[in-house]
Amino acid sequence: MPRKQRRARRLVVGAHTYLWTLRHSHTVVGGSRTCRETLTLYPRSAAPGGALRIVFTKGPGRFVPGGAPLGSGDVGHVRGASLNLHEPGAVRALLDAASARGWRPRARLTEEIDGWSLLEAAAAARAGTGVVAAPSAVPVARTTPRAVAGRHR
(Lines give C-alpha, C1' and ligand atoms only; values in the text may rest on other atoms or scores of the structure.)
Protein backbone atom coordinates (compact mmCIF):
# COMPACT_ATOMS: atom_id res chain seq x y z
CA MET A 1 0.00 0.00 0.00
CA PRO A 2 1.55 3.34 -0.98
CA ARG A 3 1.91 5.88 1.78
CA LYS A 4 0.41 9.35 1.62
CA GLN A 5 2.94 11.90 0.38
CA ARG A 6 2.07 14.69 2.84
CA ARG A 7 1.86 12.56 5.99
CA ALA A 8 4.65 12.72 8.52
CA ARG A 9 6.53 9.53 9.32
CA ARG A 10 7.67 8.42 12.75
CA LEU A 11 11.29 7.67 13.63
CA VAL A 12 12.12 6.07 17.00
CA VAL A 13 15.71 6.41 18.23
CA GLY A 14 16.14 4.86 21.68
CA ALA A 15 13.83 6.73 24.06
CA HIS A 16 13.31 9.60 21.57
CA THR A 17 10.56 9.82 18.97
CA TYR A 18 10.59 12.18 15.98
CA LEU A 19 8.06 12.90 13.26
CA TRP A 20 9.68 13.71 9.92
CA THR A 21 8.63 15.15 6.59
CA LEU A 22 10.35 15.76 3.28
CA ARG A 23 9.40 18.68 1.05
CA HIS A 24 10.59 19.89 -2.34
CA SER A 25 10.58 23.63 -3.03
CA HIS A 26 12.04 26.25 -5.33
CA THR A 27 13.86 29.50 -4.63
CA VAL A 28 15.10 32.20 -6.97
CA VAL A 29 18.82 32.90 -6.59
CA GLY A 30 20.57 35.34 -8.91
CA GLY A 31 17.62 35.40 -11.29
CA SER A 32 17.44 31.62 -11.77
CA ARG A 33 15.20 29.05 -10.14
CA THR A 34 16.91 26.57 -7.80
CA CYS A 35 15.51 23.33 -6.37
CA ARG A 36 15.86 22.36 -2.74
CA GLU A 37 14.88 19.42 -0.56
CA THR A 38 13.99 20.11 3.08
CA LEU A 39 13.96 17.28 5.60
CA THR A 40 12.32 18.35 8.87
CA LEU A 41 12.39 16.34 12.10
CA TYR A 42 10.00 17.24 14.92
CA PRO A 43 10.93 15.88 18.38
CA ARG A 44 7.98 14.14 20.08
CA SER A 45 9.38 12.98 23.42
CA ALA A 46 8.16 13.83 26.93
CA ALA A 47 9.67 17.33 26.64
CA PRO A 48 9.54 18.17 22.91
CA GLY A 49 11.90 20.80 21.62
CA GLY A 50 12.24 22.69 18.39
CA ALA A 51 12.44 21.10 14.98
CA LEU A 52 15.58 20.28 13.01
CA ARG A 53 15.43 21.38 9.38
CA ILE A 54 18.10 19.88 7.09
CA VAL A 55 18.21 21.67 3.72
CA PHE A 56 19.84 20.49 0.48
CA THR A 57 19.99 23.21 -2.19
CA LYS A 58 21.06 22.37 -5.73
CA GLY A 59 24.43 23.80 -6.67
CA PRO A 60 27.57 23.13 -8.72
CA GLY A 61 28.56 19.47 -8.36
CA ARG A 62 25.45 18.72 -6.28
CA PHE A 63 22.11 17.29 -7.27
CA VAL A 64 18.60 17.38 -5.83
CA PRO A 65 15.53 15.98 -7.59
CA GLY A 66 14.05 18.28 -10.16
CA GLY A 67 12.54 15.77 -12.55
CA ALA A 68 13.89 12.92 -14.69
CA PRO A 69 16.33 11.19 -14.47
CA LEU A 70 16.56 11.76 -10.70
CA GLY A 71 14.30 9.93 -8.30
CA SER A 72 12.26 11.71 -5.68
CA GLY A 73 14.31 12.33 -2.55
CA ASP A 74 17.71 11.68 -4.12
CA VAL A 75 20.43 14.13 -3.08
CA GLY A 76 24.18 13.91 -3.48
CA HIS A 77 27.42 14.97 -5.06
CA VAL A 78 27.73 14.38 -8.80
CA ARG A 79 30.89 12.32 -8.23
CA GLY A 80 30.46 11.11 -4.69
CA ALA A 81 28.15 10.36 -1.80
CA SER A 82 24.38 10.34 -2.15
CA LEU A 83 21.28 9.49 -0.11
CA ASN A 84 17.59 8.94 -0.72
CA LEU A 85 15.77 11.11 1.82
CA HIS A 86 12.66 8.89 1.68
CA GLU A 87 14.59 6.07 3.36
CA PRO A 88 14.29 5.94 7.17
CA GLY A 89 17.91 4.78 7.47
CA ALA A 90 19.12 7.86 5.58
CA VAL A 91 17.04 10.11 7.84
CA ARG A 92 18.47 8.37 10.91
CA ALA A 93 22.04 8.77 9.58
CA LEU A 94 21.48 12.51 9.01
CA LEU A 95 19.98 12.88 12.51
CA ASP A 96 22.98 11.05 14.00
CA ALA A 97 25.41 13.25 12.04
CA ALA A 98 23.62 16.42 13.21
CA SER A 99 23.62 15.15 16.81
CA ALA A 100 27.33 14.31 16.60
CA ARG A 101 27.93 17.93 15.56
CA GLY A 102 26.06 19.25 18.58
CA TRP A 103 22.40 19.57 17.53
CA ARG A 104 19.97 19.08 20.42
CA PRO A 105 16.27 19.95 20.52
CA ARG A 106 15.92 23.41 22.04
CA ALA A 107 12.71 24.78 23.55
CA ARG A 108 10.48 25.73 20.62
CA LEU A 109 13.39 26.88 18.43
CA THR A 110 13.66 25.46 14.92
CA GLU A 111 17.25 25.02 13.78
CA GLU A 112 18.21 24.89 10.10
CA ILE A 113 21.35 23.07 8.98
CA ASP A 114 22.95 22.91 5.53
CA GLY A 115 22.50 19.26 4.59
CA TRP A 116 25.65 19.20 2.48
CA SER A 117 27.73 19.56 5.66
CA LEU A 118 26.24 16.26 6.93
CA LEU A 119 26.07 14.26 3.70
CA GLU A 120 29.50 12.58 3.71
CA ALA A 121 29.23 11.37 7.31
CA ALA A 122 25.64 10.19 6.85
CA ALA A 123 26.41 8.35 3.59
CA ALA A 124 29.45 6.68 5.19
CA ALA A 125 27.31 5.55 8.13
CA ARG A 126 24.68 4.14 5.72
CA ALA A 127 27.39 2.28 3.81
CA GLY A 128 28.84 0.91 7.05
CA THR A 129 32.18 2.63 6.54
CA GLY A 130 31.83 5.31 9.17
CA VAL A 131 30.39 5.79 12.63
CA VAL A 132 28.52 8.99 13.42
CA ALA A 133 26.09 7.78 16.09
CA ALA A 134 26.50 8.93 19.66
CA PRO A 135 27.55 6.08 21.99
CA SER A 136 24.11 5.98 23.61
CA ALA A 137 22.24 5.84 20.30
CA VAL A 138 20.33 2.68 19.39
CA PRO A 139 21.19 1.50 15.84
CA VAL A 140 17.61 0.52 14.91
CA ALA A 141 15.36 2.98 13.08
CA ARG A 142 11.60 2.36 12.80
CA THR A 143 9.08 4.50 10.99
CA THR A 144 5.31 4.53 10.79
CA PRO A 145 2.97 7.02 9.11
CA ARG A 146 1.41 9.49 11.52
CA ALA A 147 -0.40 12.78 11.06
CA VAL A 148 1.35 15.90 12.30
CA ALA A 149 -0.81 17.80 14.74
CA GLY A 150 0.28 21.26 15.86
CA ARG A 151 3.61 21.25 14.01
CA HIS A 152 6.30 23.68 15.07
CA ARG A 153 7.27 26.10 12.34
Side-chain angles (χ1 to χ4, degrees), residues 5-30 32-45 47-66 70-143 146 148 150-153:
Q5 288 288 83
R6 290 288 192 191
R7 263 183 111 170
R9 298 176 75 182
R10 194 171 79 144
L11 178 69
V12 178
V13 180
H16 302 283
T17 301
Y18 301 88
L19 295 181
W20 60 279
T21 61
L22 178 63
R23 300 288 184 260
H24 182 84
S25 62
H26 301 102
T27 59
V28 177
V29 177
S32 64
R33 188 173 112 165
T34 302
C35 294
R36 61 188 260 165
E37 290 287 298
T38 303
L39 173 68
T40 307
L41 292 111
Y42 305 92
R44 290 291 183 242
S45 299
L52 170 62
R53 195 172 288 139
I54 302 173
V55 180
F56 293 89
T57 303
K58 185 177 180 178
R62 301 171 173 175
F63 63 86
V64 298
L70 300 174
S72 175
D74 290 336
V75 297
H77 296 290
V78 173
R79 297 189 191 280
S82 64
L83 291 172
N84 184 322
L85 301 179
H86 288 297
E87 296 176 357
V91 173
R92 167 66 191 269
L94 287 165
L95 175 61
D96 287 346
S99 296
R101 292 191 182 181
W103 178 80
R104 300 289 179 269
R106 311 272 192 273
R108 302 269 183 219
L109 297 176
T110 296
E111 188 170 339
E112 187 169 295
I113 297 176
D114 178 11
W116 299 112
S117 68
L118 306 174
L119 182 69
E120 295 293 333
R126 285 285 286 156
T129 59
V131 177
V132 295
S136 62
V138 177
V140 177
R142 298 175 299 176
T143 62
R146 184 171 169 182
V148 177
R151 292 192 329 207
H152 302 287
R153 291 197 186 235

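Quick caveat, the model's predicted, so the values are computed rather than measured.
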Rounded distance (nearest 0.5 Å) linking atom CZ of Arg23 with atom OG1 of Thr38: 10.0 Å

For Ala123, side-chain contact (heavy atoms from CB on, under 4.5 Å) partners two or more places apart: Ala81, Leu83

Ile54 side chain near Leu41 side chain, heavy-atom distance below 4.5 Å: yes

Reported CG-to-NE2 distance for the pair Leu95 and His16, which is rounded to 0.5 angstrom: 9.5 Å

Aromatic ring proximity, centroids under 6.0 angstrom, Trp20 and Tyr42: no

Contact check, side chains of Leu94 and Phe56, non-hydrogen atoms, under 4.5 Å: yes

Residues forming a ring-ring contact (aromatic ring centres under 6.0 Å, His included) with Tyr18, sequence neighbours excluded: none

Minimum heavy-atom distance His86-Asn84, with the two atoms named: N-OD1, 2.8 Å

Heavy-atom closest contact (Ala121 atom, Ala97 atom, distance): CB-CB, 4.3 Å

Any side-chain heavy-atom pair of Arg9 and Pro88 under 4.5 Å: yes

Polar contact flag, side-chain donor to acceptor under 3.5 angstrom, His77-Ser82: no

Sub-4.5 Å side-chain heavy-atom contact between Ile113 and Arg53: no

Stepwise side chain to side chain contact (heavy atoms under 4.5 Å, CB included) check, Ser117 with Arg101: CA-CA 10 Å; Ser117 68; Arg101 292 191 182 181; 3.6 Å; yes

Criterion side chain to side chain contact (heavy atoms under 4.5 Å, CB included) on Thr40 and Leu52, from CA distance to verdict: CA-CA 6 Å; Thr40 307; Leu52 170 62; over 6 Å; no

Partner residues of His26 under the side-chain contact (heavy atoms from CB on, under 4.5 Å) criterion, sequence neighbours left out: His24, Arg33, Cys35

Thr57: partners by side-chain contact (heavy atoms from CB on, under 4.5 Å), with sequence neighbours left out: Thr34, Arg36, Val55

Euclidean distance, Leu22 CG relative to Leu39 CG, rounded to 0.5 Å: 6.0 Å

Steps toward side chain to side chain contact (heavy atoms under 4.5 Å, CB included) verdict (Trp116, Arg62): CA-CA 9 Å; Trp116 299 112; Arg62 301 171 173 175; 3.2 Å; yes

Over all atoms of both residues, closest heavy-atom pair of Trp103 and Gly50: CZ2-O, 3.9 Å

Smallest separation among heavy atoms of Leu19 and Ala8, with atom names: CB-CB, 4.2 Å

Taking every non-hydrogen atom, the tightest pair across Ser72 and Pro65: CA-CB, 4.2 Å

Contacts of Glu87 that satisfy salt bridge (charged side-chain N to carboxylate O under 4.0 Å, His left out) - sequence neighbours left out: Arg126

